[in-house]
Amino acid sequence: MTEETSNIKQELLDRRYLRMSAIWAENSYCQRRKVGAIIVKDQMIISDGYNGTPSGFENVCEDLSGITKPYVLHAEANAITKVSRSNNSSDGATLYVTSSPCLECSKLIIQAGIKRVVFNEMYRLSDGIDLLKRAGIEIVHIPDLKP
């Protein structure tokens with residue numbers, strides 16, 4: 001397989017997994033923003049997550065003013081903590097997420113050993129992406145995700 005063919009195949013896979021993370025985001029009960037994440041290793045989905053409240057809490061992400069409650073977990077954090085409770089390892093994996101990671105999630109991504117992050121929408125702050133780049137993590141932005 002040529003390098004060009006390999007790159008095309010990887011982009012097709014990236015787009016498919018990113019669409020899957022967008023579908024997974026539909027599980028979120030959050031009203032302001034729904035975010036989904038999938039962790040893939042060796043072309044297998046080893047974890048998934050979406051933004052929401054911790055297990056056992058009410059499925060209400062915003063207060064009466066529409067402000068996100070401080071204990072709401074981001075999709076990336078949910079996926080990383082979920083894989084940590086399994087027999088899988090995220091070391092060397094790719095994270096597909098519908099929105100670029102924030103600074104706090106980027107710290108978790110680094111510590112989880114994830115080597116690639118593929119995302120769709122740019123978050124309003126870029127400090128998370130900047131940190132991931134500093135850590136040598138490959139960043140792939142696919143802004144024109146189509147079904």
Side-chain angles (χ1 to χ4, degrees), residues 6-7 9-63 65-147:
S6 179
N7 290 342
K9 184 178 178 183
Q10 184 62 58
E11 183 179 345
L12 288 172
L13 282 172
D14 285 347
R15 288 179 175 276
R16 286 181 188 135
Y17 285 127
L18 200 51
R19 284 194 309 269
M20 290 171 78
S21 67
I23 290 169
W24 202 244
E26 295 173 14
N27 289 316
S28 174
Y29 287 90
C30 296
Q31 299 301 309
R32 290 182 61 220
R33 182 182 192 102
K34 295 179 183 296
V35 179
I38 293 175
I39 300 175
V40 176
K41 185 173 180 180
D42 301 325
Q43 295 187 7
M44 291 185 300
I45 297 170
I46 62 168
S47 191
D48 52 54
Y50 51 87
N51 58 326
T53 56
S55 298
F57 280 61
E58 74 289 348
N59 288 321
V60 179
C61 298
E62 295 85 10
D63 63 21
S65 304
I67 305 296
T68 301
K69 294 178 180 177
Y71 53 84
V72 168
L73 290 159
H74 290 187
E76 306 94 303
N78 266 326
I80 290 168
T81 56
K82 188 175 181 180
V83 78
S84 74
R85 293 176 66 181
S86 73
N87 292 328
N88 291 313
S89 167
S90 56
D91 196 40
T94 298
L95 171 72
Y96 294 90
V97 61
T98 56
S99 183
S100 62
C102 70
L103 185 61
E104 293 302 313
C105 286
S106 292
K107 294 177 198 177
L108 294 175
I109 291 165
I110 293 165
Q111 291 302 95
I114 292 169
K115 296 301 178 202
R116 289 179 79 234
V117 174
V118 181
F119 70 95
N120 178 224
E121 297 173 0
M122 194 68 191
Y123 183 62
R124 61 183 172 82
L125 301 174
S126 65
D127 52 357
I129 291 293
D130 296 340
L131 183 66
L132 293 173
K133 287 179 182 175
R134 182 175 171 199
I137 294 173
E138 181 184 348
I139 305 297
V140 180
H141 183 201
I142 302 179
D144 61 337
L145 191 62
K146 295 180 179 75

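- Sorted by first and then second residue, the side chain to side chain donor-acceptor pair (under 3.5 Å) pairs involving residues 68-77 (not counting sequence neighbours) are R32-T68, E58-K69, E58-Y71.
- The two residues V97 and L18 have their closest heavy-atom pair at O-CD1, 3.4 Å.
- The backbone N or O of G92 lies less than 3.5 Å from no partner atom in the side chain of K41, so there is not a single donor-acceptor pair.
- The disulfide bond (SG atoms under 2.5 Å apart) check on C30 picks up C61, with sequence neighbours excluded.
- Between the S106 side chain and the L131 main chain, no donor and acceptor come within less than 3.5 Å of each other.
- Here E138 pairs with R116 under the side chain to side chain donor-acceptor pair (under 3.5 Å) rule; sequence neighbours left out.
- Two residues are said to be in side-chain contact when any heavy atoms from C-beta on lie closer than 4.5 Å; L103 and L125 fail this criterion.
- Rounded to the nearest 0.5 angstrom, S6 OG and E11 CD are separated by 12.0 Å.
- In this structure, N51 contributes its side chain and L73 its backbone to no donor-acceptor pair below 3.5 Å.
- Judged as a side chain to side chain donor-acceptor pair (under 3.5 Å), the pairs with a partner in residues 96-105 (not counting sequence neighbours) are, in order, D14-Y96, R33-S99, E104-K107.
- Taking both residues in full, the closest heavy atoms of A77 and C105 are given as N-SG, 4.2 Å, listed atom of the first, atom of the second, then distance.
- Crowding of Q111 atom CD: a count of heavy atoms from other residues, nucleotides or ligands under 6.0 Å not exceeding 12.
- Each disulfide bond (SG atoms under 2.5 Å apart) pair with one or both residues in residues 70-100, not counting sequence neighbours, would appear here, but there are none.
- For S28 (side chain) and Y50 (main-chain N/O), no donor-acceptor pair under 3.5 Å exists by modelled atom type.
- Counting only distance, with no hydrogens or angles, the side chain of D63 and the backbone of S65 share a donor-acceptor pair below 3.5 Å.
- Panel note: side chain Q31, backbone E62; no donor-acceptor pair is recorded below 3.5 Å.
- Legend: residues meeting ring-ring contact (aromatic ring centres under 6.0 Å, His included) with Y29, ordered by chain and number and at least two apart, are absent.
- Checking side-chain atoms of H141 against main-chain N and O of V118 turns up no donor-acceptor pair under 3.5 Å.
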